Protein chains: 2
Amino acid sequence: MGAVRGRRVVRPTLEQVAVRAGVGRGTVSRVINGSPLVSDRTRAAVEAAVAELGYVPNRAARALAVGTTDAIALVVPEPQTRLFSEPYFSGILRGVSAELADTDMQLLLTLVRDQRERERFEQFVSAHRVDGVLLVSVHGDDPLPDLLESIEMPAVLNGRRSAEEPLAYVDSDNAGGAVLAVEHLIGRGRRAIGTITGPLDMYAAKCRLDGYREALRAAGREDDESLIAHGDFTEDSGRRAMRELLTRAPQVDAVFCASDVMAAGARMALREAGRTVPGEVALIGFDDSSVARHMDPPLTTVRQPIEEMGRAMARALLDEIGQRAADRPHAVLPTELIQRETT
Amino acid sequence: MGAVRGRRVVRPTLEQVAVRAGVGRGTVSRVINGSPLVSDRTRAAVEAAVAELGYVPNRAARALAVGTTDAIALVVPEPQTRLFSEPYFSGILRGVSAELADTDMQLLLTLVRDQRERERFEQFVSAHRVDGVLLVSVHGDDPLPDLLESIEMPAVLNGRRSAEEPLAYVDSDNAGGAVLAVEHLIGRGRRAIGTITGPLDMYAAKCRLDGYREALRAAGREDDESLIAHGDFTEDSGRRAMRELLTRAPQVDAVFCASDVMAAGARMALREAGRTVPGEVALIGFDDSSVARHMDPPLTTVRQPIEEMGRAMARALLDEIGQRAADRPHAVLPTELIQRETT
DNA sequence: TCAACGTGTGGGAGCGCTCCCAAAGCGCAC
DNA sequence: GTGCGCTTTGGGAGCGCTCCCACACGTTGA
């Protein structure tokens, strides 16, 4: 609990800079904050004093005075904590961090694992201890976004909860990525193209399935529900879904998996069944996660511009905080096919 | 640049709580901070008022008053930003976050990519904007630790820079892990056990090599320098080192690699050379990173208690900040053999 | 000449908290 | 009844900053 008493190291204050420069506090403050209402002479004098004294403003004092914290929180809820080890999370983090680099915003990282931590975070946010919040992949039923909205806390989601997401968000073009994947499969001459979906209560999973359907329809193929199996983004579910597909539609010669991890599971099922990849069955994933590169053979997949998404999220949040936002900004970034050896 | 003016939402202050509870400011402060010098009656009254008003203390104000920030920074320098996608980093993060969970410490994440960001961070730290710093794997020549020491900023390193690390640190038992690995290989009846080392100017790499030597010596085997090849922790260097080993010591029937990634490289070289794993050559890695699980066959490796390391780091830092530290606390945590299918 | 303006500048007030001194209240021994 | 010591309490001062009002200067126009 308690705040531990820290040693306090003496550092120059704005007041001291003012004395040194022979001006008033207000003037120094103006210079520090780049106000134009300062004469060049004075500004130079203040800047010299700042340099000599090695003055660095005290954030806490400023925060107290203006009611702003110059910090944003990046929240990672539990279900994602494992996803966390994926390049996905680190990509987002990188993008966010890069975008914040020439801002004086601080990035606060919060892992929300259980109910207690969730409450702590809610309290934290309610106390306006940050200027804004970045939410990594929320579930549709997560109450956090609504809380943020109710207290007017600027927030940007990574991914949408539904087609008409009321909050600001940055998403990748899931449907478009699926279309890319299926078109690629078609182009390779595959005839019976199946899919293993993610949990359909997640909007991203739904979009990927929609994209799959759309691409097939565009190619004039007729719907075949027996070629669609459902998973939940886990490896094990991918394996089971693939077995199901092999039983139900043994003619299947290509499968678009809504995640790389499920593709890894599918790969196993195919090996068990003695089917070669890509010889007999082509396989394509989604995410371009590290599994994809290390599979045998390496997995063709759909990459999302993850780092760019992180940047976009940070940018949108800063805009929202600065109220220079297009009301509820959002962006949907394009996906890209990474062709490896399973297709 | 500038701090953007944020909307300010009215929230109750300590003063208001005091009025509500019919007591003075000082008393409320005492209750909030758990001082024992408050009568039960008064405490109850204050707690009621706090609950009614939904009071949450203003951090900035407290920080300003006590000169403490209740935040620590986790710094990830560039060379590690890629390592970053590894479970390693997220494990540390998880451990740190878990340990901080019932503290009111905030975790600030800082990626230091280039010189500019480094300078920003140095200024940030010099301004005492955090109470302490956690450093993920520093290089021996990094000036940051010395800077931290000179400004008396509490800091804990992840890993040592040398055997006599002056700063507080948390490390895993690298030598011990290597011993485990080599003993395992010996137990499997392997005769010509080689190793692929990391860059020996890194202390961890040096320890792993020392452990390798120690285990062989303990088993009464004589030194054979031709069985030692050097890498730099990259996949490519592992591949090259393995080729070298195969040329120089074709009798090699087991290799301890100082990292999983190098083991993946070695695996490729073995495949090229037509050697089976584990039939002809047993392979063992270090780190238990995601590559290990996804290799074909899955790689036996040495796991570090990463999350526990994160926890230990946070604990050590909190102790240091609270000055309840055993002077320069440090911990070396045990490693563990994860047996899979390459041995 | 004077008023009316504009630009620069100083510094009081206040942000919400903690620290700490002084004082009130209480019991006890004399 | 008085004095002492303990516990409990109130509230002034101050942390370092920003905001903003007031004022000191020009400068301009009538």
Side-chain angles (χ1 to χ4, degrees), chain A residues 1-46 49-50 53-70 104 127-129, chain B residues 1-46 49-50 53-70 104 127-129:
Chain A
M1 264 276 111
V4 186
R5 195 81 321 99
R7 56 209 106 187
R8 180 181 299 180
V9 179
V10 276
R11 277 170 298 134
T13 69
L14 191 151
E15 181 88 50
Q16 291 168 36
V17 174
V19 171
R20 178 85 172 210
V23 299
R25 266 182 8 260
T27 303
V28 177
S29 178
R30 258 163 248 143
V31 172
I32 299 291
N33 296 296
S35 156
L37 316 119
V38 184
S39 70
D40 291 347
R41 264 181 61 81
T42 315
R43 165 166 288 116
V46 171
V50 165
L53 264 36
Y55 170 73
V56 184
N58 178 323
R59 276 291 180 94
R62 171 190 263 137
L64 180 56
V66 304
T68 259
T69 62
D70 284 356
D104 48 3
H128 283 250
R129 295 268 310 285
Chain B
M1 264 288 106
V4 186
R5 194 82 320 102
R7 57 209 106 186
R8 181 181 299 180
V9 178
V10 275
R11 278 170 299 134
T13 70
L14 190 150
E15 181 89 50
Q16 290 168 36
V17 174
V19 172
R20 179 84 175 211
V23 300
R25 272 190 354 268
T27 303
V28 177
S29 178
R30 258 164 247 141
V31 172
I32 299 290
N33 295 296
S35 157
L37 316 121
V38 184
S39 69
D40 292 346
R41 265 181 62 82
T42 315
R43 164 166 290 116
V46 171
V50 166
L53 263 37
Y55 170 73
V56 184
N58 178 324
R59 275 293 181 93
R62 170 188 265 141
L64 180 56
V66 304
T68 258
T69 62
D70 284 356
D104 48 2
H128 283 250
R129 295 267 311 283

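Below, chain A is the first sequence line, B the second, and so on; all start at residue 1. Since we're looking at a predicted model, the values are computed, not measured.
Spacing between atom CG of B:D40 and atom C1' of D:dT8 amounts to 12 Å, rounded to whole angstrom units. Spacing between atom CZ of B:R25 and atom P of C:dC21 amounts to 16 Å, rounded to whole angstrom units. Rounded to whole Å, atom P of C:dG14 lies 14 Å from atom CG of A:L64. What separates CG of B:N33 from C1' of C:dT18 is a distance of 8 Å, to the nearest Å. Note: CG (B:L14) to P (D:dG11) measures 13 Å, nearest angstrom. Whole-Å rounding puts the B:L37 CG to D:dG5 P distance at 19 Å. Straight-line distance from the CZ atom of B:R129 to the P atom of D:dG16: 15 Å, rounded to whole Å. Across the protein-nucleic acid pair, A:E15 atom CD and C:dG14 atom P stand 18 Å apart, rounded to whole Å.
For the pair A:R43 and B:A60, both in contact range of DNA chain C, the more 5′-proximal nearest nucleotide belongs to A:R43.
Dashed line: the shortest gap from a side-chain N or O of B:S39 to OP1 or OP2 of D:dT9 is under 4.0 Å. Between B:S29 and C:dT18, a side-chain N or O to OP1/OP2 separation shorter than 4.0 Å is present. Here A:T27 does not reach the OP1 or OP2 of C:dT9: none of its side-chain N or O atoms lies under 4.0 Å away. OP1 or OP2 of D:dT18 sits under 4.0 Å from a side-chain N or O of A:R62.
Note that OH of B:Y55 and CZ of B:R20 are 15.0 Å apart. Values are rounded to the nearest 0.5 Å.
Looking only at side-chain heavy atoms (C-beta outward), A:R59 and A:L64 stay at 4.5 Å or farther from each other.
Set against C:dG11, D:dT9, C:dT18, the side chain of B:T42 has D:dT9 as its closest nucleotide.
Within 4.0 Å (heavy atoms only), A:R30 reaches at least one base atom of the nucleic acid.
Screening B:N33, B:D104, B:T68 against B:R62 for a side chain to side chain donor-acceptor pair (under 3.5 Å) leaves a single residue, B:N33. Among the candidates B:V17, B:V46, B:V31, the single residue satisfying the side-chain contact (heavy atoms from CB on, under 4.5 Å) test with B:V23 is B:V46.
Residues B:L14 and B:R25 share a closest heavy-atom pair of CD2-O, 3.4 Å.
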